[in-house]
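Okay, structure first, notes after.
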Amino acid sequence: MHDTGGEKLNNLIIAVADGHPDCLDGILKLAGGQMMAVALSMVGRDYAEDVLHDSFIKIARFAKSYRPGTNPYGWLMKIVRNTALDFLKAKKVRAEVSSEELFSLSSLDYSPERKESAIDLERAISKLEPDEKKIIYFVYYLDMTVREIAGELKMSKSAVQRLKEKAEEKLKNLLK
């Protein structure tokens with residue numbers, strides 16, 4: 001059986017929690033591109049590296065709170081997102097989310113078949129409207145709830161839910 005990136009990440013986070021900080025390099029190799037995309041989309045190029053650095057400090061500090069078997073990408077992206085939000089609050093800066101920079105799935109270390117699927121998904125996502133892209137990103141990459149997304153986008157929960165369902169339906173049709 002082929003070890004997926006999620007399984008590898010899961011094991012690396014567990015290893016960091018068990019006192020192996022050298023495993024942070026493996027996390028960077030597997031998820032660094034997506035983590036940087038989150039940081040870039042939230043704070044811009046000037047501060048993204050600082051946010052990523054601070055995120056790795058938090059990963060090392062909070063790895064023991066990670067629940068093995070859950071979504072390691074979601075856990076990591078939530079740390080980056082929260083670190084970026086803390087940074088923005090401290091600096092009183094707000095970068096507009098660029099939906100074009102959010103998805104870098106094909107950069108993952110996938111098998112050829114999975115890489116092809118990731119590229120297909122990237123193409124399908126690129127055909128969504130900007131708000132639909134953001135919703136998909138928040139739900140599936142940052143593991144945010146509809147309530148959290150509504151607060152972030154300053155929309156009603158029902159509007160977010162409708163937009164989420166519309167985006168998912170479009171993706172399903174585009175991927176057929």
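Here the structure is a predicted model, which is why all the values come from computation and not from measurement.
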> D50: what forms a salt bridge (charged side-chain N to carboxylate O under 4.0 Å, His left out) with it, not counting sequence neighbours?
Replying inline: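 D50: no salt bridge (charged side-chain N to carboxylate O under 4.0 Å, His left out) contacts found.
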Minimum heavy-atom distance [X]-[Y], with the two atoms named:
{"X": "V160", "Y": "A150", "answer": "CG2-CA, 3.7 Å"}
{"X": "S156", "Y": "A159", "answer": "OG-N, 3.0 Å"}
{"X": "A167", "Y": "L128", "answer": "O-CD2, 4.0 Å"}
{"X": "Q34", "Y": "L30", "answer": "OE1-O, 3.8 Å"}
{"X": "P72", "Y": "I13", "answer": "CB-CD1, 3.9 Å"}
{"X": "A39", "Y": "V51", "answer": "CB-CG1, 4.0 Å"}

Answer whether the closest heavy-atom distance between the side chains of [X] and [Y] falls below 4.5 Å.
{"X": "L76", "Y": "V80", "value": "no"}
{"X": "K164", "Y": "I149", "value": "no"}
{"X": "H20", "Y": "L12", "value": "no"}
{"X": "I59", "Y": "Y66", "value": "no"}
{"X": "D18", "Y": "I14", "value": "yes"}
{"X": "L153", "Y": "I135", "value": "yes"}

> Within a radius of less than 6.0 Å around CD of E49, do more than 12 heavy atoms belonging to other residues, nucleotides or ligands occur?
Replying inline: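 Open.
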> When you look at NZ of K58, are more than 12 heavy atoms from neighbouring residues, nucleotides or ligands closer to it than 6.0 Å?
Replying inline: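 Yes, enclosed.
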Output side-chain donor-acceptor pairs under 3.5 Å for residues 169-176, partner residues at least two apart or in another chain, one line each.
{"unit_1": "K170", "atom_1": "NZ", "unit_2": "E132", "atom_2": "OE1", "d": "3.0"}
{"unit_1": "K170", "atom_1": "NZ", "unit_2": "E132", "atom_2": "OE2", "d": "3.1"}
{"unit_1": "N173", "atom_1": "ND2", "unit_2": "E169", "atom_2": "O", "d": "3.3"}

Please round to the nearest 0.5 Å and tell me the distance separating atom [atom1] of [X] and atom [atom2] of [Y].
{"X": "M36", "Y": "R45", "atom1": "CE", "atom2": "CZ", "value": "9.0 Å"}
{"X": "K78", "Y": "S55", "atom1": "NZ", "atom2": "OG", "value": "14.0 Å"}
{"X": "K166", "Y": "E129", "atom1": "NZ", "atom2": "CD", "value": "6.5 Å"}
{"X": "I136", "Y": "D131", "atom1": "CD1", "atom2": "CG", "value": "12.0 Å"}
{"X": "N71", "Y": "L9", "atom1": "CG", "atom2": "CG", "value": "9.5 Å"}
{"X": "F138", "Y": "L163", "atom1": "CZ", "atom2": "CG", "value": "11.0 Å"}

> When you look at W75 and S65, which way does the side chain to side chain contact (heavy atoms under 4.5 Å, CB included) test go after all the steps?
Replying inline: CA-CA 10 Å; W75 187 80; S65 70; 4.2 Å; yes
>> With a 3.5 Å distance limit and no angle check, can you tell me whether N10 reaches the backbone of G6 through a side-chain donor-acceptor pair?
In response: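 It does not hold such a pair.
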> Any link between L85 and L52 through a network of hydrophobic side chains (Ile, Leu, Val, Met, Phe, Trp, Tyr) touching at under 4.5 Å?
Replying inline: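 Yes, because L85 and L52 connect within a single hydrophobic cluster, where side-chain heavy atoms sit under 4.5 Å apart.
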>> Run R81 and E148 through salt bridge (charged side-chain N to carboxylate O under 4.0 Å, His left out) and show every step you take.
In response: CA-CA 12 Å; R81 176 182 172 271; E148 291 170 329; 5.9 Å; no
>> Evaluate F56 against M35 for side chain to side chain contact (heavy atoms under 4.5 Å, CB included), listing each step before the verdict.
In response: CA-CA 10 Å; F56 273 96; M35 294 169 73; 3.7 Å; yes
